[in-house]
Structures are given as C-alpha cells and as structure tokens.
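Reviewing the structure listed below.
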Amino acid sequence: MLAALERLVARESPSFDKARCDACADEVADLFRQRTGVASIRHRREDRGDQLEIRIGQGAQPILLLCHHDTVWPEGTLARLPFQVDGDRVTGPGSYDMKAGIVEAAFALEAARPRRPVVVLSTSDEEIGSTSSRALIEGTARQAVAVLVLEPAASGGAIKTARKGIADFILEVDGRAAHAGVEPEKGISAVEEMAHQVLALKALSDPASGTTINVGVVEGGTRPNVVAAHARAEIDVRFARASEAERVVQAITGRAPAHQRRRRPAADGAQRRHHPPG
Ligand SMILES: [Zn+2]
C-alpha cells in the first residue's frame, strides 16, 4: 500500500493542470487494474483532467466509493516536501487528502469482494468545486444504495457522517463620495451601509439548525476624510439542510439597502401641505 501511495503522490496533480491530473489518473487506473483486474472507464474532459470510473460487479444499486485524485498542492511541491514514511506517518503532497483513500479503496476491493456491485469514481476537480465532475457524481450517486466518501478522517480518527453545504457571496455597496469636512451631507457612505448589512447578515444565522454566516472580509473607502463611495464584503454561509440554504440565499439575494434615500430638506411648500390653511 505504501508503494502504491508513493506512486500516486509522485504524480503531482494540481486541479488546474490537466496534463498532470491525467497522468495521475493513468496511475490510479493502473492501481485498480493491478488490484482488481478491472479496467477504468475514462470520462474525457477538455478543460479539466479526465474523470475515472471503475465498475466492479454487475447489477443495480451499487455502493459508490467516491474519491478524487487532484490536490491543492502546486506543481513542484514534491521537491521540498517529498514522499516520506516516518513510523506510522506518511507525508507528501496529497497523501492525506486523498490519495491514501484511493489506495485504501483499491486494496479493500482486492481483499474483500462485496456481494453488491461497487462503483469507484476518482475525479480530477474536487478541490476547485467539482464543476466538471458534478453531473457524473450526481448521476452515479442517484443509482447507488450508499456512497462512501474516502476522504481522510476528522481529528482523532473520527468518521465523518455528514457534511454541511457551503454558499459564498460577495456583497458590493455603492455609495457617493463627498469631502467629509466640506460637504458631508452630499455623501452617502458605503462603509456605513455595509456596517448595517454585516449585522443584518449575521442575524440570518441559526446555529441551532446548523446555519452559520461569516462575513470574513470587509473592505471599503479610500481616505478618512472622504465619505466612502464603495465597500465590499465576502461572506461564507454554511448550512446543514436544504431548506435552510433556501431561506438564507433568498434573504441575502433579496436584501434591500438599509440607507433610506434622503429626502430633500423640507421646503416651505412641503411644510404647508401638512398644515393646510383654514
Ligand atoms: Zn479531499
């Protein structure tokens, strides 16, 4: 298993590098051929690395073993962080997440053939959102009786039984610049508006049902003596239920500015309308 893992780690596979991801996919295909005797089905992709599917056994309702062979590590990492075994600990780019999981799948299928058919998917773009493998994963998972994701364990070796959904937002606020000393009344502060929005966004969270909202980045304004014309925030939303995702996404996309369009100072005429003569 260590030798097999070393061969996979030696094939650096940053998600955006199609050639390298394809070379790593070749190695994964070889591994499954050696351990199980089964040839991989290759789903060709133009812009990303190819996706691999290995089908073991015939029949409906298979178990899906879900893996990915891309890594977050840029090409060349291996030179400074080579594959190393130190006691019961292996290091090297992508060994933990999740080339070791691929090796486990191949050797487990060699050691014990489950009565159910098994489908293994090894995708090439998990670290960048799975856009090119998503349809394949969803289509295969729908047919499956169970999906085991062979990502590494949580701390302490704990098995992960669920995963939250994620939504990312960018909020842009446009105000109106003005000199803070000379004519502040002509300005509309985007920073002030953003402050309202940040608090309102935070109020959408519901930790009891697993919904959390983090405004992790805020930037805006140019100088202390200028009313800020622009502000921008980056927001991370996590949710445990689809209904919560729907609620929060609707609330965020439907948000109105807290700033009320300032009415012109009431002129005499306007005042008189409230106090009609007679
Ligand atoms: Zn992973």
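Order of appearance sets the numbers: ligands from 1, and atoms from 1 within every ligand. FYI, side chains are in, hydrogens and waters are out, and symmetry mates aren't considered; it's all heavy atoms of this structure. Because the structure is a prediction, the values reported are computed rather than measured.
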(message) As a test of reading the structure, name the N/O/S atom of His68 that is nearest the Zn ion (ligand 1).
(response) NE2
(request) Output the atom name for the N/O/S atom of Asp97 with the smallest distance to the Zn ion (ligand 1). (result) OD1
(request) Would you check if the side chain of Glu193 reaches a backbone N or O of Gly175 as a donor-acceptor pair within less than 3.5 Å? (result)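 No: the side chain of Glu193 does not pair with the backbone of Gly175.
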(message) For Ser13, is there any backbone N or O sitting under 3.5 Å from a side-chain donor or acceptor partner on Asp70?
(response) no
(message) Applying salt bridge (charged side-chain N to carboxylate O under 4.0 Å, His left out) to Arg45 and Asp47, what does each step give before you reach the verdict?
(response) CA-CA 6 Å; Arg45 295 288 185 271; Asp47 52 335; over 6 Å; no
(request) Heavy atoms only: give me the nearest Glu46-Lys18 pair and the separation to one decimal. (result)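 Heavy-atom minimum between the residues: O-CD, 3.3 Å.
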(message) Under 2.8 Å from the Zn ion (ligand 1), can any N, O or S atom of Glu126 be found?
(response) no
